[in-house]
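Please read the structure below before turning to the comments.
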Protein chains: 2
Amino acid sequence: MTDTSTCEIKTKLQVTCRNCSLSDLCIPRGLSQEDINRIAHIVGRRKTLHKGDYLYRKGDKFRGIMAIKAGTAKLLTSDLHGNEFLTGYLLPGELLGFDALADDQHSFSAVALETLNYCELPADQLDNLCREVPNLLRELFRHVGETLASETDVNVLTRRPADERVAGFLLNLSDRLSRRGFSAIDFKLSLTRQEIGNYLGLALETVSRSLKNFEDSGLITVHNKLIHIADMERLRSQYGRH
Amino acid sequence: MTDTSTCEIKTKLQVTCRNCSLSDLCIPRGLSQEDINRIAHIVGRRKTLHKGDYLYRKGDKFRGIMAIKAGTAKLLTSDLHGNEFLTGYLLPGELLGFDALADDQHSFSAVALETLNYCELPADQLDNLCREVPNLLRELFRHVGETLASETDVNVLTRRPADERVAGFLLNLSDRLSRRGFSAIDFKLSLTRQEIGNYLGLALETVSRSLKNFEDSGLITVHNKLIHIADMERLRSQYGRH
DNA sequence: CGGAAACTTGAAACCTTTCAAGAGTCGTGG
DNA sequence: CCACGACTCTTGAAAGGTTTCAAGTTTCCG
C-alpha cells in the first residue's frame with residue numbers, strides 16, 4: 001500500500017513541467033523557472049492512450065496544444081476520393097495540434113502508434129497564459145515555425161528520387177531523435193513500409209528496395225523495423241540535403 | 001501642381017490600413033475599426049519593388065510580416081547540392097515572412113514576380129502591438145495556420161499524378177484569386193512552366209502537356225500565360241480534392 | 001500454433017523525364 | 001518599326017525510374 005502511494009506521488013510529481021524530463025524540449029525551452037511553474041499548474045495531467053487511439057480527429061474543435069511525453073503518433077488527412085495521406089510523424093517531446101490554428105478545427109487526425117503519454121495546454125487558457133508569460137508566446141510561435149519548416153522539408157524532399165527520400169527520412173528521424181536524447185544510429189520505426197511510403201509519396205515496395213540498397217551499400221543495417229545507421233558520414237554525403 | 005499634390009494625398013491616404021482595399025484580406029480581418037487604426041500608424045508606408053527584386057533573402061534576419069498589396073511573389077529555397085525549389089506563390093492580399101518564425105532568420109528568399117507593392121508590420125513592434133490589440137494575436141496565429149495548411153495542400157498534391165497536380169494548382173489559384181475579388185475563371189500565371197513544374201515536382205514539359213490535355217478536353221483555354229477556365233465543374237469533379 | 005498482416009523480391013507495365021528540335025513571345029536597339 | 005536574340009513554350013520519341021502485379025517469406029499476435 002505504501003508502495004503504491006509512493007508510486008502515485010512520483011507520478012504526480014512527474015506530471016508538472018518543472019520535473020518533466022522533456023522540459024527542455026517542448027514548450028518551456030526559453031522560459032524561466034518562474035514561467036514554467038506558472039504553466040505547470042495549467043498544463044493538464046499526463047494522459048495515456050494506446051496504439052490506434054486518436055488524440056483528435058479531423059474536424060474536431062481545437063482543444064489545445066499537446067506535447068508527447070512518451071510514444072509516437074502519426075498525422076493523417078484524406079481527400080474527397082478517400083485517399084489517405086500520412087502528413088506527419090511525431091516523436092516524444094514534440095508538439096502537435098497546430099493544424100487547427102487556421103479555423104479552430106483540426107485538418108488532420110492524430111493517431112497513437114503505440115502506448116502514448118501526453119499533456120495538454122488547453123486552448124481556452126492559452127490567451128491568459130500568454131498574457132501572463134510573455135515568453136510563452138514567442139515559444140509558441142517558434143514551435144509553429146518549426147512545424148512549418150518541417151512541412152517544407154518533406155515538401156522539398158518529395159521532389160527528389162526515391163533513395164534520397166528514404167535516406168532523408170532516416171536522417172531527419174536520426175536528427176530529431178538525437179536532439180531528444182535518443183540514439184542517433186539505432187532506432188525503431190513505428191511506421192510500416194506502407195506508411196513511410198505514403199508519407200514520402202512512394203510505393204511500399206520502393207521503400208523496401210531503398211532500404212535494401214542502403215544495406216547492400218553498407219550504409220545501414222535493417223532488421224524489420226529496427227534501423228542501425230552504420231555509416232552516417234556516407235549516408236549524409238550521398239543523400240543529405242542540409 | 002495642385003493635381004500632383006492631390007494625387008500625392010490620395011497615395012498617402014491609401015497607405016493606411018483603414019482605407020486599404022485589401023483590409024478584409026490581410027491582417028485586419030477580425031479586428032475592430034479601433035484596432036485597425038492602432039495598427040495603421042505602425043504598419044510602414046507602402047513600398048514598391050520591381051520584377052526580380054528581393055523582399056528578403058534566405059538567411060536574412062526577420063524584419064517583420066509583410067502584406068502584398070499589388071503584384072505577386074515567389075518563395076525560393078535551395079539545398080546543399082544547389083537545387084532550387086519554388087516553395088510558394090503569393091498573391092495580392094497574402095502575407096509572407098512566416099518562414100523566419102522558427103529561428104528568427106528566413107529559410108526562404110522572397111522575390112517579386114512583377115512590380116510589387118507591400119507594407120510591413122515590423123518585428124520589433126509585434127510584441128507591443130499584440131499586447132495593445134489582443135485580436136491581432138489571434139489573427140496572426142490564424143494566418144500562420146493558413147500558411148501551414150497551404151503547405152500541407154501542396155504536400156498532398158505532389159503525391160498525385162501529373163494532371164491532378166496541375167489541375168490542383170489551377171483550382172487553388174482560382175480559389176485564392178476569387179476570394180480576393182479577382183476573376184476565378186480568367187487569370188494570368190506569373191510563373192513560367194518551369195517554375196510551376198518546380199513548384200509541383202514536375203518537368204516543365206509535363207506541365208505544358210497537362211495544360212494541353214485540359215485544353216483538348218475543353219476544360220480550359222490557354223494563351224501562353226493567360227488561363228481561362230471553361231468548365232469549372234468538370235475540372236473540379238475530375239481533379240478537385242476537397 | 002495458426003492466421004493475418006507486414007515485408008521482400010522479381011518482372012512487366014506505366015507514367016514522367018530527358019533529349020531534341022522547332023515555334024512562339026518579348027524586350028531591346030538599330 | 002522591324003529585326004535580332006534570348007527566353008519560353010510546345011511537341012515528339014526514347015530512356016528511365018517507379019509502380020503495379022504477383023508470389024513467397026517473415027513477423028506478429030491472439
Side-chain angles (χ1 to χ4, degrees), chain A residues 50-52 72 74 81 83-86 89 111-115 157-170 188-217 220-228 238-239, chain B residues 50-52 72 74 83-86 89 111 113-115 157-170 188-217 220-228 238-239:
Chain A
H50 298 98
K51 184 172 182 174
T72 59
K74 62 179 174 181
H81 310 324
N83 303 307
E84 279 229 325
F85 301 96
L86 205 160
Y89 177 40
V111 183
L113 288 164
E114 60 240 331
T115 301
L157 196 59
T158 52
R159 297 177 211 177
R160 308 294 309 157
D163 278 351
E164 230 170 288
R165 295 191 213 182
V166 177
F169 173 74
L170 293 179
K188 183 186 150 243
L189 303 171
S190 297
L191 300 174
T192 65
R193 304 287 190 268
Q194 167 92 63
E195 288 170 321
I196 296 172
N198 185 322
Y199 183 59
L200 297 172
L202 297 170
L204 69 96
E205 294 93 334
T206 308
V207 175
S208 183
R209 281 187 255 262
S210 285
L211 291 175
K212 185 77 176 355
N213 288 347
F214 300 151
E215 197 164 25
D216 289 349
S217 311
I220 65 173
T221 55
V222 183
H223 288 103
N224 200 19
K225 306 232 172 174
L226 261 37
I227 302 288
H228 168 75
Q238 279 187 266
Y239 302 103
Chain B
H50 298 99
K51 184 174 179 172
T72 57
K74 63 179 174 182
N83 303 306
E84 279 229 325
F85 301 95
L86 205 161
Y89 177 41
V111 183
L113 287 164
E114 61 240 330
T115 301
L157 197 58
T158 51
R159 298 178 211 178
R160 307 293 310 156
D163 279 351
E164 230 171 289
R165 294 191 214 183
V166 177
F169 174 73
L170 294 179
K188 184 187 149 241
L189 303 171
S190 298
L191 299 173
T192 64
R193 305 285 190 269
Q194 167 92 63
E195 288 170 322
I196 297 171
N198 185 322
Y199 184 60
L200 297 172
L202 297 171
L204 69 96
E205 294 93 333
T206 308
V207 175
S208 184
R209 281 186 254 263
S210 285
L211 290 175
K212 184 77 175 0
N213 288 347
F214 300 152
E215 197 164 25
D216 290 348
S217 312
I220 66 173
T221 55
V222 183
H223 288 104
N224 200 18
K225 305 230 172 177
L226 261 38
I227 302 290
H228 169 76
Q238 283 191 352
Y239 301 104

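In what follows, every chain begins at residue 1, and chains take the letters A, B, ... in the order their sequences are listed.
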Worksheet item: Got a donor-acceptor contact below 3.5 angstrom from the B/Tyr89 side chain to the B/Ile196 backbone?
Response: no

Discussion item. Strictly distance-based, threshold 3.5 Å: is any side-chain N or O of A/Arg165 a donor or acceptor partner for the main-chain N or O of A/Arg160?
Written reply: yes

Shortest non-hydrogen contact from [X] toward [Y]:
X	Y	result
B/Phe85	B/Asn198	CA-OD1, 3.3 Å
A/Leu113	A/Lys51	O-CG, 3.6 Å
A/Ser190	A/Thr72	OG-OG1, 3.3 Å
A/Glu195	A/Leu86	CB-CD1, 3.4 Å
A/Leu191	A/Lys225	O-NZ, 3.6 Å

Worksheet, complete the sentence: Protein-proximity profile, nucleotides 25-30 of chain D, B/S/- by nucleotide at the 4.0 Å heavy-atom cutoff, equals --SS--

Discussion item. Heavy atoms only, 4.0 Å cut-off, all strands: where does B/Gly201 land among base, sugar-phosphate and nothing?
Written reply: sugar-phosphate

Measuring from atom [atom1] of [X] to atom [atom2] of [Y], what distance do you get when rounded to the nearest 0.5 angstrom?
X	Y	atom1	atom2	value
A/Asn224	A/Arg193	CG	CZ	6.0 Å
A/Arg159	B/Leu202	CZ	CG	10.0 Å
B/Leu204	B/Thr192	CG	OG1	7.5 Å
B/Leu170	B/Leu189	CG	CG	6.5 Å

Worksheet entry | Pairing residues for B/Lys188 by the salt bridge (charged side-chain N to carboxylate O under 4.0 Å, His left out) criterion, not counting sequence neighbours |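 B/Lys188: salt bridge (charged side-chain N to carboxylate O under 4.0 Å, His left out) contacts with B/Glu114.
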
Practice prompt. Note down the inter-axis angle between the two ends of the helix from C/dC1-D/dG30 to C/dG30-D/dC1, five pairs each, to the nearest 10°.
Written response: 50°

Worksheet item: Going 5' to 3' on DNA chain C, which nucleotide is the first and which the last to come under 4.0 Å of a heavy atom in chain B?
Response: C/dT16 to C/dT25

Fill in: Residues within residues 202-213 of chain A bordering DNA chain C, heavy-atom distance below 4.0 Å
A/Leu204, A/Glu205, A/Ser208, A/Arg209, A/Lys212

Worksheet item: A/Gln194 CD to D/dT19 C1': how many Å, rounded?
Response: 13 Å

What side-chain donor-acceptor pairs closer than 3.5 Å can you find for residues 206-213 of chain B, not counting sequence neighbours?
from     : atom 1 : to       : atom 2 : distance (Å)
B/Ser210 : OG     : B/Asp163 : OD1    : 2.7
B/Ser210 : OG     : B/Thr206 : O      : 3.3
B/Lys212 : NZ     : B/Asp216 : OD2    : 3.4
B/Asn213 : ND2    : B/Asp163 : OD1    : 3.4
B/Asn213 : ND2    : B/Asp163 : OD2    : 3.4

